[in-house]
Amino acid sequence: NKIRLADVPVKFRYDHKDGYLLIPVIDSYTGILTVIFTIFLAILIGFTVYLISSFIGFVVDTSKGEIFTAKNVKRLRFIALTLFAFPILSYGLNYAMKCIFYDYFIPGIVVKDNLVPGLKINLVLLIIFLLLYKTFRQGKQLKDEHDLTV
């Protein structure tokens, strides 16, 4: 069982218009990857819908006057954690692509590091929702203490 490394040129094409490297993939892998990406996309869409509904629920509850509740604190924590996890997952997937297709990346061909252009906006939203979470958590604690003293 010897591993033999060979410097053999690999057939690939380059899309000059969009700047993409087109790597050939076996048909069976294409089917498997299509199923995996479809499942991943369905989970991502479901998660996004849940995230948006969580934010809408927060807005509706605050408009009703139910501001410092455990449900709102949990919603804000969930939104903040999601905004924290999104860039990590994005860069993790980017790193996985570098590991999987490392043979194709020669000095002239590199993987784009900025897969998601809105990461700066994501960082700003993360800070805002973390501050909201901390504020609402403290407000709930003060409200609970006030309810116990009255």
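For the atom pair CZ of Phe84 and CG of Leu89, the computed distance is 10.5 Å after rounding to the nearest 0.5 Å. Separating the OG1 atom in Thr135 from the CZ atom in Arg137 is a distance of 10.0 Å, to the nearest 0.5 Å. Rounding to the nearest 0.5 Å gives a distance of 15.5 Å between CD of Gln141 and NE2 of His146. Put simply, CD1 on Ile79 and CD1 on Ile52 are 10.0 Å apart, with the number rounded to the nearest 0.5 Å. Between Leu41 atom CG and Thr48 atom OG1 the span is 9.0 Å, to the nearest 0.5 Å. Asp147 contributes atom CG, which lies 11.0 Å from atom CG of Leu142 (distance to the nearest 0.5 angstrom).
Checking each of Phe55, Phe47, Tyr133 against Phe78 for a ring pair (Phe, Tyr, Trp, His ring centres under 6.0 Å) leaves exactly one that passes, namely Phe47.
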Just list the side-chain donor-acceptor pairs under 3.5 Å for residues 63-76, sequence neighbours left out, or say none.
{"unit_1": "Ser63", "atom_1": "OG", "unit_2": "Val59", "atom_2": "O", "d": "3.4"}
{"unit_1": "Ser63", "atom_1": "OG", "unit_2": "Val60", "atom_2": "O", "d": "2.7"}
{"unit_1": "Thr69", "atom_1": "OG1", "unit_2": "Asn72", "atom_2": "N", "d": "3.3"}
{"unit_1": "Asn72", "atom_1": "OD1", "unit_2": "Arg75", "atom_2": "NH1", "d": "3.3"}
{"unit_1": "Asn72", "atom_1": "ND2", "unit_2": "Glu66", "atom_2": "O", "d": "2.8"}
{"unit_1": "Asn72", "atom_1": "ND2", "unit_2": "Ile67", "atom_2": "O", "d": "2.9"}
{"unit_1": "Arg75", "atom_1": "NH1", "unit_2": "Gly57", "atom_2": "O", "d": "2.8"}
{"unit_1": "Arg75", "atom_1": "NH1", "unit_2": "Asp61", "atom_2": "OD2", "d": "2.7"}

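The cluster map of Ile, Leu, Val, Met, Phe, Trp and Tyr, joined by side-chain heavy atoms under 4.5 Å apart, puts Leu123 and Ile88 in the same cluster. Under the 4.5 Å side-chain heavy-atom criterion for ILVMFWY residues, no single connected hydrophobic cluster contains both Leu83 and Leu81.
For Phe129 and Phe58, the gap between ring centers reaches or exceeds 6.0 Å.
Contacts of Phe37 classified as side-chain contact (heavy atoms from CB on, under 4.5 Å), with partners at least two apart in sequence or in another chain: Leu33.
Clustering of Ile, Leu, Val, Met, Phe, Trp and Tyr side chains at separations under 4.5 Å places Ile39 together with Val35, Ile43.
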